[in-house]
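Before any comments, here is the structure.
Just so you know, ligand 1 is whichever comes first in the structure, and atom 1 is the first atom listed for that ligand.
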Amino acid sequence: MKLKDFLKTQGIDENLAQLIMLFGNQATDIKAGFLSARGAADTRNVYGETQMALDKRADEILIAALRKSKLVSWIASEEQPDIIEVEGAVNPFGVTMDPLDGSSLIDVNLAVGTIIGIYPGHVLEPGNTMLGALYILYGPLTTLTYTTGKGVHEFVMDGDGTFMLMQENLIIPDGNIYAPGALRKDYLPYHRQFIEQLESEGYKLRFSGSFVADVHQILHKGGIFTYPAYAGKESGKLRLLFEGTPMGKVVTEAGGAVSNGTINLLDVKPAAVSDRTPIYIGGRKEIALIESIKRS
Ligand code: AFP
């Protein structure tokens, strides 16, 4: 079944369905850049990181499509210094986007992706207020995984650029994969204890450098991704709004959980779009373990 037809069966708001389609419809254009827009751009983003040409291209494609559609009032992009307000928007939605997560892997042809969070209004709200979230993964296959709070559903792009249903009502299984970000020498004591416990239980390491791809793997195989607070970066590295909450929403709706090590990440109210956070995302069992170790 096509994404468009599937969305009709879900009884969700028409504007929300159109918005999900809009993101899916940009995937072919973004993918075309993998051949034509490789390498670094000569600019840096708000975090001081070198932007890849494809980061900028994906950002421009998505912002242009959103502005044209007038489907959202607010756009917060990891590649933009400020929240963009859309003139004449037809509804009050806000979106957060990481146009191309894992962009340091473009040059080596590993999976990267687009991460989107959808809010009923302004985006500086806790993740648990989100209307939905989705990500598009550009791997050997291009897939789109979304939730609007009615299950997590996955689609695959066919040869014509149409997303076709691949798996309905995804549920994260029990698993034994761990994807640990940061350097071991910088681990804080509670995090070291957590990782050592996973290792003693035989968890296998899988970490690519692309959060969206690593979490996708955890969603399908179970286990945990973590990019913790660490010595020198006690606020963590990953972005709350662009990475943590949207992927957290997807994994939570699939029966998993997301935490900053202390509380559910979806309960955290951002102070600024640039907020960073420690993150633990994956199975409920593993999230309960880190929270209990950190409390003790
Ligand atoms: P980019 O989109 O700038 O490549 O950032 C990737 C990322 O935010 C996340 O996708 C990875 O899990 C993490 O950084 C990898 O960080 P390290 O390079 O420090 O392992």
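- With ligand atoms numbered from 1 in the order given, ligand 1 contributes 9 (C), 10 (O), 11 (C), 12 (O) to contacts under 4.0 Å with heavy atoms of F211.
- Aromatic ring orientation, Y146 versus F155: parallel (interplanar angle below 30°, classes split at 30° and 60°).
- Considering only non-hydrogen atoms, atom 18 (O) of ligand 1 lies nearest to K237 out of R276, K237, E78, M247.
- The distance criterion of under 3.5 Å between nitrogen or oxygen atoms is met by E243 with respect to ligand 1.
- The distance criterion of under 3.5 Å between nitrogen or oxygen atoms is met by G102 with respect to ligand 1.
- Taking all heavy atoms of V215, I279, L238 into account, the minimum distance to atom 13 (C) of ligand 1 is reached by L238.
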### Task
Start with the C-alpha distance between K56 and E79, add both sets of side-chain angles, then the distance that settles salt bridge (charged side-chain N to carboxylate O under 4.0 Å, His left out), and finish with yes or no.
CA-CA 7 Å; K56 292 187 72 174; E79 301 303 332; over 6 Å; no
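- Close approach of ligand 1 to F225 (heavy-atom distance below 4.0 Å) involves ligand atoms 12 (O).
- Separation of the Y178 and F225 ring centroids does not fall under the 6.0 Å cut-off.
- The distance criterion of under 3.5 Å between nitrogen or oxygen atoms is not met by S210 with respect to ligand 1.
- For ligand 1, the polar-atom distance check against V212 finds no nitrogen or oxygen pair separated by under 3.5 Å.
- Note: the hydrophobic cluster containing F34 also contains I61 (ILVMFWY, side chain heavy atoms under 4.5 Å, direct or indirect links).
- Annotation: F93 is not in aromatic contact with Y119 [ring centroid separation under 6.0 Å not met].
- Among the atoms of Y227, some N or O lies under 3.5 angstrom from an N or O of ligand 1.
- Crowding of D267 atom CG: a count of heavy atoms from other residues, nucleotides or ligands under 6.0 Å exceeding 12.
- Near F207, with a cut-off below 4.0 Å to any heavy atom, the atoms of ligand 1 are 20 (O).
- Contact analysis puts L100 in contact with ligand 1, with a non-hydrogen atom separation below 4.0 angstrom.
- Not less than 6.0 angstrom separates the ring centroid of Y230 from the ring centroid of H191.
- Of the candidates A213, S103, S104, it is S103 that places a heavy atom closest to atom 3 (O) of ligand 1.
- Residues H153 and T147 form no side-chain contact, since every pair of their non-hydrogen atoms from C-beta on lies 4.5 Å or further apart.
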